[in-house]
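Presented below is the structure to which this report refers.
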Amino acid sequence: MLRSALNAANDDLLSDHQRRLREKEVRQANIYLREYSDARKADKSVFAAQGAANNALTRAALRRVDGQAVAFPQTCRHFS
């Protein structure tokens, strides 16, 4: 009984994790394609459009398509 409950909970965690990864990939693709398309419509070169799209991914705290690693700053905490 306990084993089946643990297996069910584990399956739920795995499916939730996979769902979140899919959502993140879809969000990444939407941002990249939107920014790339907007830049190309503004007569930017292919390379400039790619840069603009990757910069938008960086601002959204997502992995860049060009593979460039970006370190995100830690959140500042103010002391009162």
Side-chain angles (χ1 to χ4, degrees):
M1 184 71 170
L2 179 60
R3 182 174 297 255
S4 64
L6 288 174
N7 286 338
N10 195 25
D11 289 343
D12 288 343
L13 286 174
L14 180 60
S15 63
D16 186 52
H17 178 68
Q18 290 171 335
R19 178 186 55 80
R20 288 177 189 235
L21 283 177
R22 276 192 309 274
E23 289 173 355
K24 185 176 179 181
E25 289 171 353
V26 167
R27 182 172 173 244
Q28 178 188 29
N30 285 336
I31 291 170
Y32 186 88
L33 291 174
R34 182 181 60 241
E35 292 293 326
Y36 181 85
S37 296
D38 289 348
R40 290 296 288 158
K41 287 176 189 173
D43 288 331
K44 290 188 177 181
S45 71
V46 171
F47 301 110
Q50 289 171 348
N54 278 308
N55 289 342
L57 292 176
T58 299
R59 286 190 301 273
L62 294 168
R63 184 178 52 84
R64 294 171 59 102
V65 173
D66 63 5
Q68 180 178 341
V70 177
F72 298 104
Q74 296 291 329
T75 304
C76 296
R77 295 189 180 189
H78 299 280
F79 299 102
S80 51

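This is a predicted model, so every value here is computed, not measured.
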Next item on the list: Establish whether Phe47 and Tyr32 are linked, either directly or via other cluster members, by ILVMFWY side-chain heavy-atom contacts under 4.5 Å.
Entry: no

Next item on the list: Only pairs at least two apart or in different chains count here, so list each salt bridge (charged side-chain N to carboxylate O under 4.0 Å, His left out) that has a residue in residues 21-30.
Entry: Arg19-Glu23

Note to self: List the residues meeting salt bridge (Lys or Arg N to Asp or Glu O under 4.0 Å) with Asp66, not counting sequence neighbours, and say none if there are none.
What the structure shows: Arg64

Notebook entry, point to check: Can you check whether Asp12's main-chain N or O pairs, donor with acceptor, with Ser15's side chain at less than 3.5 Å?
Noted result: yes

Check: Short question: side chain of Arg40, backbone of Lys44 - any donor-acceptor pair under 3.5 Å?
Finding: yes

Margin query: For Arg20, is there an ion pair with Asp16 - N to carboxylate O distance below 4.0 angstrom?
Written below: yes

Next item on the list: Locate the shortest heavy-atom distance separating Ala52 from Glu35; write the atom from each residue and the value.
Entry: O-CB, 4.4 Å

Next item on the list: Write down the atom of Ala53, the atom of Tyr36, and the distance for their closest heavy-atom approach.
Entry: CB-N, 3.9 Å

Notebook entry, point to check: At what distance, to the nearest 0.5 angstrom, does CZ of Arg63 lie from OG1 of Thr58?
Noted result: 11.5 Å

Notebook entry, point to check: Could you state the interatomic distance from CD1 (Ile31) to CG (Asn54), rounded to the nearest 0.5 Å?
Noted result: 11.5 Å

Notebook entry, point to check: Is it the case that one hydrophobic cluster holds both Leu57 and Leu21, taking links as side-chain heavy atoms less than 4.5 Å apart, direct or via other members?
Noted result: no

Notebook entry, point to check: What closest approach, in Å, do Gln28 and Leu62 show between heavy atoms, and which atom pair accounts for it?
Noted result: CA-CD1, 3.8 Å

